[in-house]
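Computation of the quantities below employed the complete heavy-atom set of this structure, encompassing side-chain atoms and omitting hydrogens, waters and symmetry-equivalent molecules. Every chain is numbered from 1 and lettered A, B, ... according to where its sequence line falls, protein lines coming before strand lines.
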Amino acid sequence: MKARKVKKLDPAGPLAENAAWIVRTRVGELLDLAEVALDQGEVEAQHDLRIAAKRLRYVLELTGFCFGRPADTALGRARDLQEILGEMHDCDVMLPRVRDHVASLQHADAEAVRSLAGPSADLDPRLAIEAPNRPDYHGLEVLAVHLAARRRLMFDRFAAFWARQEELGTWIRLERAAEAQLERARQTRRAAKAARLAERHADDVEAAIEGVEPEPR
Amino acid sequence: MARPKPIMGLTPELSYGETAARAVETRGGELLGHATGVLDTHDIERVHDMRVASRRLRAALEVFEPCFPPKAHKRAIRDLKALADGLGERRDRDVAIAALEKFSARMPAPGRPGIDGMVERLRTEQSDANEDLAPLVSDERLVSLADQLGKLVVAARKPSRG
């Protein structure tokens with residue numbers, strides 16, 4: 001998943017303002033993806049949400065100190081979220097791998113049992129009991145059930161975790177802290193502009209008193 | 001998971017460009033510091049730590065993207081991604097093997113052969129992944145990456161870029 005582009009970044013500007021733009025974008029990304037990912041069948045959105053949580057986490061590791069306590073909390077929760085979604089993802093990766101392994105064993109067994117039949121006109125069902133990989137199937141079936149059930153359990157944990165963070169306002173508080181940082185930056189710019197205008201005005205007044213032309217700007 | 005090294009001297013007022021330079025210096029050093037013994041399959045934490053360090057460095061390169069010259073940035077991301085992919089392939093097998101061994105240990109004996117057979121298959125894949133990883137963590141590749149990162153740090157500090 002491509003990260004959303006962050007606009008208005010300025011290498012010469014202060015870290016806090018730039019970080020606020022990035023954090024605001026990353027939180028927005030997280031919130032939008034979660035809406036879809038809370039549907040159990042939306043595996044891709046859950047995967048994307050894990051990536052979004054990771055992005056937010058790493059931004060906060062670098063710049064969280066600009067946003068105070070809401071960032072400390074959000075950093076911890078982004079890490080937790082990434083972990084729960086990571087457990088789900090591990091099940092999603094492992095389950096097809098188990099099925100693929102079972103399929104390859106079955107393929108080899110079919111070949112072996114076919115050889116046992118020799119030139120017979122049909123296959124005696126009892127020959128299938130001789131399949132060399134037969135002892136392996138039970139454990140692999142149990143594993144597949146375990147993975148599917150664990151995935152569901154992790155999804156339930158994710159849904160409960162997300163609801164709890166919404167109750168606590170974890171993400172919204174971080175978003176507000178970023179907004180506050182942007183507002184401070186706007187105020188600083190306004191104050192600097194006002195100071196520049198005041199300085200010019202003072203120069204003009206001084207020039208008028210002395211009866212000289214003000215310096216061109 | 002290894003905690004990130006603190007980046008010294010950061011303040012909210014410091015320029016975004018200077019922060020970028022310090023972040024890439026620190027995270028780059030962290031990555032290279034984790035390269036020792038990474039091909040040792042008996043200690044899977046080494047690959048894990050280096051992989052996490054590669055993600056943190058990549059995150060720093062992405063967070064501070066506007067502070068770097070686009071071409072050099074793109075090239076560093078590309079090389080770093082190749083390294084991260086190689087580490088990821090190894091790590092993927094390491095994690096799967098550890099999970100299956102844990103699962104097998106808790107299974108009654110009749111269920112174990114199938115799981116153990118799958119672990120064997122994964123060990124072969126782990127060994128293949130390790131062979132693919134070896135050139136990506138060679139001294140030559142890491143020196144080249146360090147050189148690229150050094151140039152990005154210098155560029156981020158140039159006044160025109162902050």
Counting only heavy atoms not in [X], do more than 12 fall under 6.0 Å of its [atom1]?
X: A:Glu83; atom1: CD; answer: no
X: A:Arg186; atom1: CZ; answer: yes
X: A:Glu183; atom1: CD; answer: yes
X: A:Gln187; atom1: CD; answer: yes
X: B:Asp147; atom1: CG; answer: yes
X: A:Arg69; atom1: CZ; answer: no

Chain A heavy atoms under 4.5 Å from [X]: which part of the residue, side chain, backbone, both or neither?
X: B:Ala60; answer: both
X: B:Leu14; answer: backbone
X: B:Arg27; answer: side chain
X: B:Met118; answer: both
X: B:Thr11; answer: backbone

Next item on the list: Assess whether side chain to side chain contact (heavy atoms under 4.5 Å, CB included) is satisfied between B:Met107 and A:Leu143, documenting all intermediate values.
Entry: CA-CA 9 Å; B:Met107 281 277 280; A:Leu143 176 61; over 6 Å; no
Next item on the list: Under 4.5 Å, counting heavy-atom pairs only, tell me which of A:Thr63, A:Asn133, A:Val98 racks up the most with chain B.
Entry: A:Val98
Notebook entry, point to check: When only pairs under 4.5 Å are counted, which of A:Pro135, A:Gly13, A:Cys66 shares the most heavy-atom pairs with chain B?
Noted result: A:Gly13
Next item on the list: Might you work through the side chain to side chain contact (heavy atoms under 4.5 Å, CB included) test for A:His146 and B:Arg106, ending with a clear yes or no?
Entry: CA-CA 12 Å; A:His146 172 80; B:Arg106 294 169 76 175; over 6 Å; no
Next item on the list: I would like to know whether A:Leu105 and B:Arg121 meet side chain to side chain contact (heavy atoms under 4.5 Å, CB included); could you show each step before the answer?
Entry: CA-CA 12 Å; A:Leu105 294 178; B:Arg121 184 175 159 172; over 6 Å; no
Check: Quick one: CD1 on B:Ile115 to CG on A:Leu140, what's the gap to the nearest 0.5 Å?
Finding: 5.0 Å
Next item on the list: To the nearest 0.5 Å, tell me how far A:Arg97 CZ sits from B:Glu125 CD.
Entry: 6.0 Å
Check: Under a 4.5 Å heavy-atom cutoff, which of B:Val95, B:Asp92, B:Thr26 has the most pairs with chain A?
Finding: B:Asp92
Next item on the list: Look at B:Arg112 together with A:Asp136 and state whether they make a salt bridge at an N to O cut-off of under 4.0 Å.
Entry: no
[X] versus [Y], closest heavy-atom pair with distance:
X: A:His101; Y: B:Gly117; answer: NE2-C, 4.0 Å
X: A:Ala12; Y: B:Ser15; answer: O-CB, 4.0 Å
X: A:Tyr58; Y: B:Val52; answer: OH-CG1, 4.2 Å
X: A:Pro14; Y: B:Pro12; answer: CB-O, 3.7 Å

Under 4.5 Å from any heavy atom of chain B, what part of [X] do you find: side chain, backbone, both or neither?
X: A:Asp10; answer: backbone
X: A:Ile22; answer: side chain
X: A:Arg79; answer: side chain

Next item on the list: Might you work through the side chain to side chain contact (heavy atoms under 4.5 Å, CB included) test for B:Glu13 and A:Glu17, ending with a clear yes or no?
Entry: CA-CA 9 Å; B:Glu13 296 77 25; A:Glu17 185 182 359; over 6 Å; no
Notebook entry, point to check: Would you say the side chain of A:Glu61 lies within less than 4.5 Å of the side chain of B:Arg3, judging by non-hydrogen atoms?
Noted result: no
Notebook entry, point to check: Does B:Phe64 reach the side chain of A:Leu9, with side-chain heavy atoms less than 4.5 Å apart?
Noted result: no
